[in-house]
Undergrad: 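Mind having a look at this structure? Questions to follow.
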Amino acid sequence: GQNIDQPTEMTATEGAIVQINCTYQTSGFNGLFWYQQHAGEAPTFLSYNVLDGLEEKGRFSSFLSRSKGYSYLLLKELQMKDSASYLCAVVTGGYNKLIFGAGTRLAVHP
Amino acid sequence: DVKVTQSSRYLVKRTGEKVFLECVQDMDHENMFWYRQDPGLGLRLIYFSYDVKMKEKGDIPEGYSVSREKKERFSLILESASTNQTSMYLCASSPGTGYQPQHFGDGTRLSIL
């Protein structure tokens, strides 16, 4: 079967660092996306990993280990506006078809 | 800038009605997708289309159908709406080549009474 696991909720303090983990077991793998979704809004693209290792993009970084079926999203210098849900999604086949995890709701406190 | 537009933000319908949700994208993307999003379940794929008049079932197609007569427009149809189809519906599009990000519309919150 297809399974993507993420923690349901996390809390962190403004200015801190937080790591959101994602583990997956899928029948195919053509890369992993992270999306950010603020309440009541559309998901927006954050990162894409297809090779093992760390991809850094400003305050956000994403890591992938294909052999372990594991990824994480690292958010540095947290800001209040980073309070949102973070969605992990695996590309499982052609036509850019995605399977999503249930999402992690992050609350950033002052 | 990429734009995916869904026809309604909020919609209220009655059980048994035929419901149409419309989605239009302006990026000339080949792929279009319909998802529903429910608390604790995340986004689940209902149907997708990779070209005009082409469609494929996603993970939860039962009770739904789709139509893609033009490249920019992808419609989701609830043949006979039921209360368990109350949900947030999200449309997305992406280019047809490579593994590129999907771009999402703002969603339609559909309530079936």
Side-chain angles (χ1 to χ4, degrees), chain A residues 1-9 20 22-24 26-51 55 57 60 62 64 66 71 73 84-106, chain B residues 1-6 9-10 23-25 27 29-52 54-61 66 68 74 87-109:
Chain A
Q2 316 265 45
N3 198 47
I4 299 177
D5 287 319
Q6 312 177 229
T8 303
E9 291 186 0
I20 302 174
C22 171
T23 58
Y24 62 89
T26 57
S27 57
F29 182 84
N30 289 305
L32 187 145
F33 285 93
W34 284 96
Y35 284 85
Q36 180 190 59
Q37 186 179 24
H38 286 99
E41 297 184 11
T44 54
F45 167 73
L46 289 177
S47 67
Y48 173 67
N49 294 68
V50 65
L51 299 175
E55 295 272 348
K57 195 185 291 186
F60 291 7
S62 56
L64 176 68
R66 288 174 297 172
S71 174
L73 181 69
S85 289
Y86 291 86
L87 314 180
C88 172
V90 172
V91 188
T92 59
Y95 305 120
N96 210 19
K97 184 183 170 187
L98 297 178
I99 292 180
F100 281 84
T104 299
R105 190 161 58 245
L106 174 67
Chain B
D1 200 12
V2 168
K3 189 71 175 174
V4 178
T5 303
Q6 296 185 227
R9 282 286 271 160
Y10 301 94
C23 175
V24 177
Q25 51 96 3
M27 295 83 65
H29 284 168
E30 287 76 16
N31 299 333
M32 296 189 74
F33 308 84
W34 274 107
Y35 297 89
R36 62 178 284 176
Q37 185 173 32
D38 301 289
L41 296 177
L43 276 77
R44 291 179 292 165
L45 182 65
I46 303 171
Y47 266 96
F48 68 98
S49 168
Y50 53 89
D51 201 350
V52 175
M54 306 304 289
K55 59 187 178 184
E56 293 278 343
K57 292 180 181 179
D59 301 314
I60 51 164
V66 290
R68 192 164 182 205
F74 192 35
S87 186
M88 171 68 85
Y89 289 87
L90 288 163
C91 174
S93 72
S94 75
T97 56
Y99 298 108
Q100 300 192 49
Q102 294 183 13
H103 300 270
F104 286 84
D106 287 333
T108 296
R109 184 162 295 282

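Not measured: the values here are computed from a predicted model. Below, chain A is the first sequence line, B the second, and so on; all start at residue 1.
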Undergrad: Could you have a look at B:Asp106, B:Asp59, B:Leu41, B:Leu43 and say which one has the most heavy-atom pairs with chain A under 4.5 angstrom?
TA: B:Leu43

Undergrad: Taking all non-hydrogen atoms of both residues into account, name the closest pair between B:Gly40 and A:Ala102 and its distance.
TA: O-CB, 3.6 Å

Undergrad: Quick one: what part of B:Arg109 sits under 4.5 Å from any heavy atom of chain A, side chain, backbone, both or neither?
TA: neither

Undergrad: Under 4.5 Å from any heavy atom of chain A, what part of B:Leu45 do you find: side chain, backbone, both or neither?
TA: side chain

Undergrad: Can you tell which part of B:Asp38 gets under 4.5 Å to a heavy atom of chain A, answering side chain, backbone, both or neither?
TA: neither

Undergrad: Rounded at 0.5 Å granularity, tell me how far NE2 in B:His103 sits from OG1 in A:Thr44.
TA: 11.0 Å

Undergrad: Mind checking whether B:Pro101 and A:Tyr48 have side chains closer than 4.5 Å, heavy atoms only?
TA: no

Undergrad: Answer yes or no: does atom CZ of A:Arg105 have more than 12 heavy-atom neighbours from other residues, nucleotides or ligands under 6.0 Å?
TA: no

Undergrad: Using only atom types and a distance under 3.5 Å, with no angle test, would you say the side chain of A:Asn96 pairs donor to acceptor with the backbone of B:Ser94?
TA: no

Undergrad: Which atoms of A:Gln37 are under 4.5 Å from chain B, going by heavy atoms: the side chain, the backbone, both sets, or neither?
TA: side chain

Undergrad: Looking at B:Tyr99 versus A:Phe33, is the centre-to-centre ring distance below 6.0 Å?
TA: no

Undergrad: Taking every non-hydrogen pair under 4.5 Å, which of A:Asn30, A:Val91, A:Leu98 racks up the most with chain B?
TA: A:Asn30

Undergrad: Where does B:Gln102 contact chain A at under 4.5 Å (heavy atoms): side chain, backbone, both or neither?
TA: both

Undergrad: Which heavy atom in B:Phe48 sits nearest to a heavy atom in A:Lys97, and how many Å separate them?
TA: CE2-CD, 4.0 Å

Undergrad: What part of B:Asn31 gets within 4.5 angstrom of chain A, counting heavy atoms only: side chain, backbone, both, or neither?
TA: side chain

